[in-house]
Q: 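Handing you this structure, nothing more for now.
Because the structure is a prediction, the values reported are computed rather than measured. Chain letters run A, B, ... following the sequence lines, proteins first and then strands; every chain starts at 1. Because only heavy atoms are used, hydrogens play no part in the values below, and waters and symmetry mates are left out as well, while side chains stay in.
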Amino acid sequence: MKKIASHIFTTVLLFLACGVLISLLLSLVPDYERYELSTWRRFLENLGTFLTFRYGDAVVEQYPIFDILCARGVKTALLIAGALILTLGISIPLGIHAARHKEHKRARFIDGLIYGLSSVPILVWATLLLIFFQRTMDVFLHWQLLSNYPLGWRLMIYLLPMICLALGDGMLADMTRHIRDEAVKLLEQDFVRSLRARNVLVMPHLCRGLIPTVMAVIAGKIAYLFGGAIVVEYIFGWQGLGFALYGAVSRPGSKDYPLILAATMLFVAAALLINLLSSLSAIWADPRLRKD
Amino acid sequence: MKRFFLAALMLLCLFMLTGIGYGQSGDRRGGDLRYGEDELAGSLNPYDANAVSTSDRLFALIYEPLVRYDVDKDDFIYVLAETSKTSPDGKKLTFMLRTTPRWHDDKPFTAADVKFTYEYIRSKQKYARKYQHITAILEEGPSAISFIFAASQSDPRDFFTRWIIPKHRFGAHMEDLQPEPLKKYPIGTGPYLFGNMTIDGEINLQLNDRYWGKTANILNLVMKPQPDPQSKVMALTYDGIQLATEIKPNYLAQVAQDKKFFTRPYSSFSFDAFAYNCRNPLLSEAVVRRAMTMALNRKSLLDNFYFGKGQELAGPVIDSSPFYNAELRPLPYNPEKAKAMLDSVGFRDQDGDGIRERITDKAKLRFGLIVPVEKEAQSTETGQVANAFKEAMARIGIAIELEHLNRDVYDKRQFVERKFDIIWVRWEFDTGYNVRELFDANEDFVNGKNFIGYRNPSIQELINKFTHAPDPVYKRDLMMAFQEVLRDECPYTFLYSINATAAWTRRLIVTSIDPYYFFTFIPDWYFPVTSRARTRMMD
């Protein structure tokens, strides 16, 4: 219990530290609208906004920033969750298959293939897939055109960004390799041998054993996923948080600093939360870690 | 019997005529138009600091002014005002207002709204200076209003092209207390009603059936923000939008080749220039500025970086402006003459480092040039033009140090600190096209338009005369002279005015485009019947 409390306390502390750091960084960016304020004063204003959660209305969108975060955050969460489901749906069976047949040529071929596919950057995947569908099937799978297409293509408009996010920047390869390594270790454990001897189904136990590894990989890759989500959202016009953040940062003239601060902090909070869940799942899966 | 046939024939003719009339007006009514913009609309209150050009175009659909300046007719057109009368001394202007317009929430439009609007405008720092000449606003009944000026005005209607906003939406102290303030839920008297704005920035407008003027044909409008130029072109290609208000020059060929679209360049009421800070002792010399202008091949910049889609300028006035001096030629590209000019005023390279210095005090012709860096991927032309300028200056012995700045820093250096030697600028104007204030000594203050600190007695005299000149022909003459002086004085190196190009599907009939507000003539646009079914908006 003490360990869990310690993890939660560290997470909260990290969140606050990140908030202070981002407030400081934002105050170092010159602000034409508030040029009369010193950097120090602007830092205190940013910090005040962060600590009190009084973000107000977005400058351009004219909506409360909280509403924007909710509406767009859901879309980004959907994108990332979809990408994770796709990644896990491919990497868990492949990882376990590779662990069971680690000397088999087919397993090594699949491993190499996934490594190759996954080493292509998200930006390249997104652009190539958009062009591929446009040239071969004369459809432009962009979020803005969602209402122009029948159901099948609409689903593809949702699916394609998820595929890019799942495939690109090494996400799939890393997940598959970690699952394979962990599965190899688990399969060599005594309890697995005894389960097999008793003719008990090994898979549920194997899956439970894999949860901390999966969570650790997700926690390690989540920052990449957020970065990738910004790229994917911009290319596919997916109106999520990354799209809003890109718009706020790249807008000419004065930036919408409260929106940038709020969106960044939401990404930070999500990353820290997943990290916390990863630690808690490790404690849950391994009773030895529960000892204080 | 004969009479009966005659009566029947006349009745038939009457039916046919009314039928044709109905058919003609009915034929054009219908269809929905989705159009793409580069950025989100921002505040929908026209006097909010966060209004951007996208919102300006929306204002033309929602709000209306008292009078509108018509560039083609070179005159003011009455919109919410019906007539006006100026007192003999030119100090009082009375507008008789139309009685038929109603606000979108069905409240009547009255002189109180006009009075409130101009009081509201005067309370805003941005406009206070321009409207300080108005000393009193008098309501003379529900449909008449008078404005009293401190001094005689040549054509005071120039002050009244601003959008009129509804008084009943504001509190006693001009505060917007509504649950849905004007910046989010605009209410005007214009041809379209505001529907809603989604959290993604998409704005829906519906036809105002009770519009007092000519009712538009297109039933619904949807503004879709598309920050990525490539996505905008693809959305146009795949019918995500039917009209793009602006296509970037590097995507123009792709759109123009597609037989599905019309493209039309329209004067954007803007120009690009390099502005010289006249507070710098070296740049305060007109001959140095003139030599720098002559050393730059502006025609080649326009051709190479903007595919020739624009107009080379001699002065700050573009050819679609009524004050354009068509006989004034830009200073010629002549680097040899530029060198000779610098030699003649004592700037020579004596130490052989390739940079000229003044013989008397050894002051070197070395300047910094600042350009904004934002959205570099989308506007590489600015960077290329700045580099070309640097190279051209190096050829005549002037060293330029390029500094790419974030837009915030750039704006601050330009308007607040005014700390630069040379700055790349793009000025955009509304239909009033007031370029005079850029060179007016009275605008030389923090956030003033004359950020280069330019002072020239002859220019100042021309500006003052223009302000009080009663005769339009005389005004035109003054502006001709104004351009001539500026062409030779070169406080800016006027580069070019880039044409904006709109593109739309051939299914849409667009009659004319307003160069600044774009949608002013939308009541005449329509979808022919055959194509209307395909333009119905999906859920």
Q: Locate the shortest heavy-atom distance separating B/K260 from B/T237; write the atom from each residue and the value.
A: NZ-O, 3.0 Å
Q: Do B/N196 and B/N204 get their side chains close enough for a donor-acceptor pair, meaning under 3.5 Å?
A: yes
Q: In terms of heavy-atom pairs under 4.5 Å, which option from A/D138, A/D57, A/D67, A/L130 contacts chain B the most?
A: A/D138
Q: Go through it in stages, so that I can follow the logic: the residues are B/F59 and B/D56, the test is side chain to side chain contact (heavy atoms under 4.5 Å, CB included), and I'd like the CA-CA distance, side-chain angles, deciding distance and then a yes or no.
A: CA-CA 5 Å; B/F59 298 153; B/D56 274 342; 3.5 Å; yes
Q: Would you name the heavy atoms of B/Y185 and B/R169 that are closest together and state the gap between them?
A: O-NH2, 3.8 Å
Q: With a 4.5 Å cut-off on heavy-atom pairs, point out which of B/G36, B/G201, B/S231, B/A235 contacts chain A the most.
A: B/S231
Q: Side chain, backbone, both or neither: which part of B/T198 has an atom under 4.5 Å from a heavy atom of chain A?
A: backbone
Q: Chain B heavy atoms under 4.5 Å from A/F243: which part of the residue, side chain, backbone, both or neither?
A: side chain
